[in-house]
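Working notes, beginning with the structure itself.
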Protein chains: 2
Amino acid sequence: MLDDLHAEVATRLDADGQRYTTNRRQIVTILDAADRPLTIADILDGRGLAQSSVYRNLAVLETARVVHRVTSTDGFARYELAEDLTDHHHHLICSACGAVSDFTVSPQLERTLERAMVRVSADTGFRAEHHRLDLVGRCARCA
Amino acid sequence: MLDDLHAEVATRLDADGQRYTTNRRQIVTILDAADRPLTIADILDGRGLAQSSVYRNLAVLETARVVHRVTSTDGFARYELAEDLTDHHHHLICSACGAVSDFTVSPQLERTLERAMVRVSADTGFRAEHHRLDLVGRCARCA
DNA sequence: ATCAGTGCAAACTTTTTGCACCGCA
DNA sequence: TGCGGTGCAAAAAGTTTGCACTGAT
């Protein structure tokens, strides 16, 4: 439900004392429709948004835990909706061109990872918030 | 053995038609001594190396598969020795300050991850070269 | 002597910021 | 009507490149 998504985003922004403006709604809608994290250029792409507004709004949305920044091998930041607004997933990262796409693994493996994460946190004093499992290799186009 | 490391690095550079110069050797030695991926600033740190030489040498070393570039949340690239020159390990990434440190998991979990990786590659057509399991959270200083 | 490597400084790319204007509460 | 949001342009930050000099083979 897109309405549910927007309602939840509005709640999170409100909790941060931020408004849910037209531009911000548009960015959230664009990210929700994508099946991969998007670069700034992807988000701008002929939609007439100002670059600076996109950067600023993504920063606001990130602080409100609505979006999440992903880094790849090229110099471009990428953004996706926070995992608790979509589903937990992982990334295939192309080591040649930096393209990023999504994939999932079995719930069983996820549970194993969760347990490992808890153990490492206990061992190191690092307070883990979430894990990140990526596969790095060649995408179909670069293989 | 540091000598073994340098011998292997020399071999890899030679295979790429590159020399193992004093600066390159120094960079490898610095990376080998660190227990975490280092930023350019870390590598420069009062050692009198020229910034551009460090960038250029890291690019050469990366092409020769001697070093590996790691990305974090801050804007700084980080470098570490390639995993087959050290040990396979993972990263704790601080979501507040971008600091990166190393950790390892059980061989058992590694095997499970390897198997999952092969399965995903088969399913998606993505040619996975290696996996990356990071824990994102707060480091001891930022917690 | 040659040619890759080096260091300085300038250029480039992505991201951030200043400032005046606009628009919703 | 006030204050946050917007867009343009300028600035900042990290990285890359041009060029003349150095040094190893």
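Residue numbers begin at 1 in each chain, while the letters A, B, ... track the order of the sequences. Being a predicted model, the structure only gives us computed values, none of them experimental.
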Backbone N/O of B/Thr39 and side chain of B/Asp42: donor-acceptor pair under 3.5 Å: yes

For atom CD1 of B/Ile43 and atom P of D/dT15, their distance in whole Å: 11 Å

Close side-chain approach of B/Leu31 to B/Pro37, heavy-atom, < 4.5 Å: no

Atom-pair distance (CG on A/Leu61; C1' on D/dG5), nearest Å: 13 Å

Spacing of B/Tyr55 atom OH relative to D/dA13 atom C1', expressed in whole Å: 9 Å

Parallel, tilted or perpendicular, as decided by the 30° and 60° cut-offs, for the rings of A/His131 and A/His88: perpendicular

Length of the CZ-P vector between B/Phe76 and D/dA13, whole Å: 9 Å

ILVMFWY network linking B/Val70 to B/Leu58, side-chain heavy atoms under 4.5 angstrom: no

Cluster overlap A/Ile30 with A/Ile40, hydrophobic side-chain contacts below 4.5 Å: yes

Most 5' of A/Gln51 and A/Val60 on DNA chain D, judged by nearest nucleotide: A/Val60

Presence of donor-acceptor pair under 3.5 Å, side chain of A/Arg56 and base of D/dG4: no

Parallel, tilted or perpendicular: ring planes of A/His6 versus A/Tyr20, cut at 30 and 60 degrees: tilted

DNA chain C: 5'-most and 3'-most nucleotides touching chain B, 4.0 angstrom heavy-atom criterion: C/dA4 to C/dA9

Heavy-atom side-chain proximity of A/Leu13 to A/Leu61 below 4.5 angstrom: yes

Geometric class of the B/His130/B/His68 ring pair [parallel <30°, tilted 30-60°, perpendicular >60°]: perpendicular

Sugar-phosphate only, base, or nothing, as touched by B/Ala59 at under 4.0 Å among non-hydrogen atoms: nothing

Nucleotide D/dG14, atom P - distance to CG of B/Asp42 in whole Å: 13 Å

Proximity to DNA chain C (any heavy atom under 4.0 Å), residues of residues 6-27 of chain A only: none

Expected output: side-chain B/His91 to main-chain B/Val100 donor-acceptor under 3.5 Å: no

